[in-house]
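Here the structure comes first, spelled out in structure tokens, and everything after it is commentary.
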Amino acid sequence: MSGRKSIQIDESEWYRLQRHARQLREVRRDIPRLFDDVRAQTRADIDRAFSSVEARQRRQHAAIDKLSDRTRHLEADTTRRLREQADRLHQDLRETAGRIERDTRQRLDEQRREAERALAAERAERRAETAALAQEIDAFKADRARAEDTVRTWLADARTMADLIDGELPHDRYTPGRLDRLRRRIATATETAAEGRFDAALAVAQETFHELSDLRVDIEQRELARCLAQKAAVEALVQVETLAEGNRQRPVVGPDAEPVAGYVLDVAHWSEGEYDQVLRDTAGALTRARDPRTDVQDLHALRDEEAPRLERSLGDAVEKAGMRQLTSQMRVNLADVVAETLAEIAFYDLVEEESGYDDDDPRGAFRARLRNEANGNEITVEIAQADKDSDQCVIRVVSSDHDTTSEAELRDRADAVHRALREQGAPMGLDASAPKVEPRLPAPRPGGQEPGAVRDGQGERAGRTGQGEPAT
């Protein structure tokens, strides 16, 4: 006769223990290399971003050299200021790499605003100077050739500036359609000059040139702002990546909240893919942050929303890994209690070579095979979580008897196990429900040698105990 009894184990102190487990969620930040790694990687990203800025500015300088004497000197100071601003921002970002404090961002933003104000004041002076030059057209009216030459020079300079913007700056990203409108104005001024109306053509050519100059500055400023946002996003995400690597293994904490010597928590293994998913998501976010096509708004979202979300996910993965490892240990401890009880009351001995975790995976259910050598009867004890990440686990005791065992005897065994669990489980904060009969199912051997009754067993702790060998 065979019988199957189950006892549900509930943890009366679950919420108190869960508060202790939340300590795992706070990812370790006392990693010696954390600051150095974040700083080194962030600096490398900053240097890559500004190498393209510097190369672009050199090409712009070469293009500006093609302007006429009159307009070239108007652009010289702007070019110099843009280069100085970029150099200063580059240096400041390198110096603050690894630090993402709010005051650092505010200081860099203020530096950028100061440069923008200086450039705006300079452009206003240039416009005033050009307005004075426009009055010279009255003197040109009597000299048609001179008037025509002046207009052609301004138009040529406007085309040069338009070509510079078109070839070197991401104008479509920041100001879609604006360059095309200014090119149409150049075409209109060219037609007006061809009709001999040089005064009207000169006014349009000069205004268009200045708008093109403003457009160049505007795009450069937006690019520098994007570099600043990119640095902050990359830095925040690199920190998450570095924290993840630093928390891949954590100390195993015992019931006294102290590390157990010689054992570590393999977060990647025990989190069952959640830790690896954090790494993949972080790598994807870093790819977006490093993409020069990612705009400022998206970079801010990566810094302010995605990086904190990923760090929370990392903390959750670490916490679940620790809880699952402790739950695995608890399954062994509970099996010890049941095996000792059955040995005392029914002379069953543990068959060690046929006991263990399903498929030799400590994340699964634990099964202990016991045998009465006198009559050959066997009992399989299975300990599994009631559900994945549940705060309850179920102990199933399956009797496979060669002789006849009365229902009363089976009930006595179950009651004895129940009493032992209540007595030994009380110090661990466990509460065992009364046993009940379940429909008969075949009991497997560990490692999948026989058909399985219950094969999932990942979950939270059923309690705390110091018995058994620590799970690794």
Side-chain angles (χ1 to χ4, degrees), residues 1-11 327-386 390 392-402 405 409-425 428 430-459 461-463 465 467-469 471:
M1 174 180 184
S2 298
R4 180 186 180 93
K5 304 291 180 181
S6 67
I7 300 172
Q8 184 167 300
I9 305 299
D10 191 7
E11 184 177 0
T327 302
S328 175
Q329 175 60 57
M330 181 54 60
R331 292 195 284 276
V332 178
N333 296 335
L334 293 175
D336 285 345
V337 173
V338 177
E340 290 173 4
T341 301
L342 293 174
E344 291 176 3
I345 67 172
F347 307 106
Y348 279 82
D349 296 319
L350 179 69
V351 184
E352 293 188 8
E353 63 273 14
E354 297 183 20
S355 301
Y357 294 100
D358 282 356
D359 299 321
D360 293 324
D361 186 344
R363 296 172 296 184
F366 186 87
R367 302 179 194 276
R369 182 65 61 95
L370 299 100
R371 182 177 295 127
N372 186 316
E373 296 298 340
N375 55 28
N377 291 342
E378 293 184 346
I379 295 177
T380 299
V381 179
E382 172 203 288
I383 301 95
Q385 294 308 109
S390 170
Q392 296 181 338
C393 69
V394 174
I395 297 176
R396 291 183 173 90
V397 180
V398 181
S399 298
S400 302
D401 298 338
H402 296 288
T405 304
E409 185 175 347
L410 294 175
R411 168 62 66 176
D412 288 343
R413 288 181 191 172
D415 288 341
V417 171
H418 178 233
R419 287 193 300 273
L421 287 169
R422 289 184 66 88
E423 291 170 2
Q424 297 190 42
M428 299 184 282
L430 301 178
D431 182 26
S433 68
K436 64 180 181 179
V437 178
E438 288 188 346
R440 172 172 168 73
L441 290 173
R445 295 176 184 269
Q449 298 174 359
E450 296 181 6
V454 173
R455 299 191 67 81
D456 83 358
Q458 298 133 354
R461 290 175 291 185
T465 179
Q467 300 175 358
E469 296 294 326

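Given the structure is predicted, the values throughout are model-derived calculations rather than measurements.
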Legend entry - Polar side-chain atom of Arg331 near backbone of Gln385 as donor-acceptor pair, under 3.5 Å: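 No, because the side chain of Arg331 does not come within donor-acceptor range (under 3.5 Å) of the backbone of Gln385.
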Inset, instruction - Check the pair Arg369 / Glu353 against side chain to side chain contact (heavy atoms under 4.5 Å, CB included), numbers first and verdict last. - result: CA-CA 9 Å; Arg369 182 65 61 95; Glu353 63 273 14; over 6 Å; no
Legend entry - Minimal non-hydrogen separation, Ala384 against Ala365, with atom names: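 That closest heavy-atom pairing would be CB-CB, 3.8 Å.
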Legend entry - Smallest separation among heavy atoms of Ile383 and Ala335, with atom names: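 The answer is CD1-CB, 3.5 Å.
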Inset, instruction - Report the distance from atom CG of Leu370 to atom CD of Glu352, rounding to the nearest 0.5 Å. - result: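 These two atoms lie 10.5 Å from each other.
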Legend entry - Atom pair CG (Leu342) and OG (Ser399), whose distance is rounded to the nearest 0.5 Å: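 One finds 8.0 Å between CG of Leu342 and OG of Ser399.
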Legend entry - All side-chain contact (heavy atoms from CB on, under 4.5 Å) counterparts of Glu373, not counting sequence neighbours: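 Partners of Glu373 by the side-chain contact (heavy atoms from CB on, under 4.5 Å) criterion, ordered by chain and then number, come out as Asp349, Arg371.
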Inset, instruction - Apply side chain to side chain contact (heavy atoms under 4.5 Å, CB included) to Asn377 and Ile379, showing your working. - result: CA-CA 7 Å; Asn377 291 342; Ile379 295 177; over 6 Å; no
